[in-house]
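Naming: A, B, ... by sequence-line order, numbering from 1 per chain. FYI, side chains are in, hydrogens and waters are out, and symmetry mates aren't considered; it's all heavy atoms of this structure.
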Number of protein chains: 2
Amino acid sequence: MAEDGPPRAVKRAVTVKDVAAAAQVSRATAARALNGYGYVGDEAARRGQEAAERLGYRGNRIAQALRQGQMPIVGFVPGDIQNPFFARVAHDIDAALRRSRHSLLIASSDESLVQEQGLLDNLRALNVRGMIVAPASEGDNRHLARLVREGVPLVLIDRELPGMECDSVTVDNEGGAHEAIGLLIANGHRRIALIHDASRIATARQRREGYLRALAEAGLPAEDRLIAVSQSTVEHAIDATIRLFSRPERPTALFTVDSLMTTGALLALRSMGLAVPRDVSLIGFDDFDLATFTDPQITVVAQPVGQIGPLATKMLLERIQGSDEPARHVRFPTRLIARGSVARVDFGRA
Amino acid sequence: MAEDGPPRAVKRAVTVKDVAAAAQVSRATAARALNGYGYVGDEAARRGQEAAERLGYRGNRIAQALRQGQMPIVGFVPGDIQNPFFARVAHDIDAALRRSRHSLLIASSDESLVQEQGLLDNLRALNVRGMIVAPASEGDNRHLARLVREGVPLVLIDRELPGMECDSVTVDNEGGAHEAIGLLIANGHRRIALIHDASRIATARQRREGYLRALAEAGLPAEDRLIAVSQSTVEHAIDATIRLFSRPERPTALFTVDSLMTTGALLALRSMGLAVPRDVSLIGFDDFDLATFTDPQITVVAQPVGQIGPLATKMLLERIQGSDEPARHVRFPTRLIARGSVARVDFGRA
DNA sequence: AGCGGCTGAGAGACCGATCTCACACTTCAT
DNA sequence: ATGAAGTGTGAGATCGGTCTCTCAGCCGCT
């Protein structure tokens, strides 16, 4: 494919050697003058600085990295950079890293385990200082375990991996879902549908578990025909919603496990002529722009998105600096934001 | 701040030297066996491969990069990774790059020229193979000119820079805006408001120019009180909209230059009790999820978002492979998607 | 037999920055 | 005066992989 062709002629960059020659000192002295370590005479230092300035010396990060065994780069592997949640987190990580003079390399796994493995191999080969990963699967995690074993600083976000000995920053998915379903039950709903992602993503599973626990506690059965499986895209969610609501005895409420699915559900309900909340009460996991845009606005389980990136970065930088306290697992609470998409249902009808 | 602490102990990686020793061949032969170049005997090749496999040899990209003078990395500097437009482009670039075994380093300029300069310096020091940049300013572009001069492959997206000798991929901002305003004028509108970004971003300027040209062609004056300046955020756009529409003789139509501003305008109009399109006709630049979500849906000037990333990547890879044809400037046409947010206004009223 | 051409493989240079080490020179205390 | 401690500098090793150069066999051809 687009493989290496003849190397493009890039003007050769200025090296310490050039600086040293211009300043008429040795490479070692020039390096000392530029990095301010060891003993350097005033005169030599001045000449070195001046020559570097004049020639436009910038240093070669690659050579430095080779010498030091590490690149000033942190890798971030989100499930999907187009998901606003990850875009926000990426932005926050980037901003937090900038202060410590690291660059951020973002490589989306597209929720594919295989792709994730390849990307991590890549990042490992680049000798990045550390990685922040949203693991695509709860299944095979030997590639992550290996990183931990080899001492590569690693922080998991959004999705935790039971038994993985590394820091993680997540939210209380189970509790958030439980609270949402609780609200629906308290409003008299008995036939509460769920659209979730069958993939092995931990968050989806936990949100489903919260749903199931809430039902169980209310003595309600978990019925297969109330649960639809969908990929996390608007289109698939539309199909899933239509499947759920075109049966007789249709659900009176719907819980969706992420914002793309909530969007799909809204579109599908509208196309079926079902009004929220008159015909269907709706709660979505994850707050998003659209939620305040509909009429009425959508009740959601909100995550503290703005805290995840900064905290994960802070933890990672501590690890990079050599901290070896035991793995920390931070789990943020979620917040149920009641807007207008949940209506009381009278018991006779339910 | 979080500066280098004691280097964390990372298990030393396997090197060619280790492989060579294990396979009982020289480093050079081992390297040949692993990379399949030059003359290698079958036996030596087999032993090399086997030893590499057994030891888990992965190669050191940094050392390779140092030798070859280039990192297999492409830099991407969007104005803001949280903007869905750039998130989409980033995703597409990433996907396109993966096929040519490059990684993507994303560093958002946050629309700050100073930050952009710093980031480019950084990327340059990392010896990335090339860069894709959405320049934050039309003003001082010496840092970009220098890259071009030094032969670093560079592709500009979204915003072009007149006189810059490098490839660019943009859309017809002026034409798109002109067409939109034309539609409003054809529907009888005479007081057409504009909310735009005063920054030195080229796109914003061009969209404003399209607006002005359309007015001029219809013999309508460009009135200051019809033009509001706002930063590109939902909050600022809300303020700007309220300013525009709380005057007597309020505008009958509004044109917003990006999707965040369109969102803000919608929110503001709703809060002021003005219905779209009954009281105000609205057209936004850049299509977005919300636009099909409102009732009625919003008419927009759509850009071919999905084509920008792949094309920019293709151009960049060609440059990386040494193409030195003259700079190519691709400008995609925009497409006016008529939905329901433009109403006819009767001439007596306008 | 002798020579050119090919295959196979090792030694060592090299990329650029950093760091250790050795050496020279100064200053100060004994 | 002499050694010790402190200061300034350069030579060279090092990081890991790649690549050139050299050399040794081996083939076939004249």
Output one letter per nucleotide in nucleotides 20-25 of chain D: B when a protein non-hydrogen atom lies under 4.0 Å from the base, S when only the sugar-phosphate is that close, - when neither is. B-----
side-chain hydrogen bond (donor to acceptor under 3.5 Å, both in side chains) pairs, two or more places apart, involving residues 30-39 of chain B: none
Between D:dG10 atom P and A:E43 atom CD, what is the distance in whole Å? 12 Å
Using a cut-off of 4.0 Å on non-hydrogen atoms, how would the nucleic acid contact of B:G59 be classed: base, sugar-phosphate, or nothing? sugar-phosphate
Roughly how far, to the nearest 0.5 Å, is CD1 of A:I132 from OG of A:S168? 12.5 Å
Just how far, in rounded Å, is P of C:dC15 from CD of B:Q64? 18 Å
Nearest 0.5 Å, please: how far is CD1 in A:I73 from NE2 in A:H102? 10.0 Å
Applying salt bridge (Lys or Arg N to Asp or Glu O under 4.0 Å) as the test, list every pair that has at least one member in residues 102-119 of chain A; sequence neighbours left out. A:E111-A:R159
Just jot down the salt bridge (Lys or Arg N to Asp or Glu O under 4.0 Å) partners of B:D94, sequence neighbours excluded, or say none. B:R98
Within this structure, what is the CZ-to-P distance between A:R27 and C:dC19, rounded to whole angstrom? 13 Å
Gap between atoms CD1 and P, on B:I62 and C:dA17 respectively (whole Å): 15 Å
Atom-to-atom span, CG of B:L126 to P of C:dC15 - whole angstrom: 20 Å
Pairs involving residues 36-48 of chain A, ordered by first then second residue, that meet salt bridge (Lys or Arg N to Asp or Glu O under 4.0 Å) (sequence neighbours left out): A:E43-A:R46, A:E43-A:R47
Scan residues 134-145 of chain A for pairs that pass salt bridge (Lys or Arg N to Asp or Glu O under 4.0 Å), counting only residues two or more places apart or in two chains. A:E138-A:R205, A:D140-A:R142
Kindly give the atom pairs (protein nitrogen or oxygen, nucleotide nitrogen or oxygen) under 3.5 Å for nucleotides 6-8 of chain C.
from: C:dT7; atom 1: OP2; to: B:Y39; atom 2: OH; distance (Å): 2.1

My understanding is that only residues two or more places apart in sequence, or in another chain, count here; which of them pass salt bridge (Lys or Arg N to Asp or Glu O under 4.0 Å) with B:D18? B:R12
Rounding to a whole Å, what distance do you find between A:M71:CE and D:dC15:P? 19 Å
Can you tell me which residue pairs pass the salt bridge (Lys or Arg N to Asp or Glu O under 4.0 Å) test with a partner in residues 57-77 of chain A, sequence neighbours excluded? A:R58-B:D121
Between D:dT14 atom P and A:Q70 atom CD, what is the distance in whole Å? 21 Å
May I have the distance from A:L34 (atom CG) to C:dA17 (atom P), rounded to whole angstrom? 9 Å
Is there a side-chain polar atom (N or O) of A:Y57 under 4.0 Å from OP1 or OP2 of C:dA17? yes
Under the salt bridge (Lys or Arg N to Asp or Glu O under 4.0 Å) rule, collect the residues that match up with A:E165, sequence neighbours excluded. none
Using the salt bridge (Lys or Arg N to Asp or Glu O under 4.0 Å) criterion, which residues pair with B:K314? Sequence neighbours excluded. B:E318
More than 12 non-hydrogen atoms from neighbouring residues, nucleotides or ligands closer than 6.0 Å to CD on A:E50, yes or no? yes
Proximity to the side chain of B:R67 - top-ranked nucleotide from C:dT18, C:dA17, D:dC19: D:dC19
Per atom distances to the B:L66 side chain, the nearest of D:dG16, C:dA17, D:dT18 is D:dG16
Establish, with yes or no, whether the OP1 or OP2 oxygen of C:dA17 is under 4.0 angstrom from a side-chain nitrogen or oxygen of A:N35. no
Is A:S26 close enough to D:dT9 that one of its side-chain N or O atoms is under 4.0 Å from OP1 or OP2 there? no
Can you give me the bend angle of the helix from C:dA1-D:dT30 to C:dT30-D:dA1? Use the axis through the first five pairs and the one through the last five, nearest 10 degrees. 60°
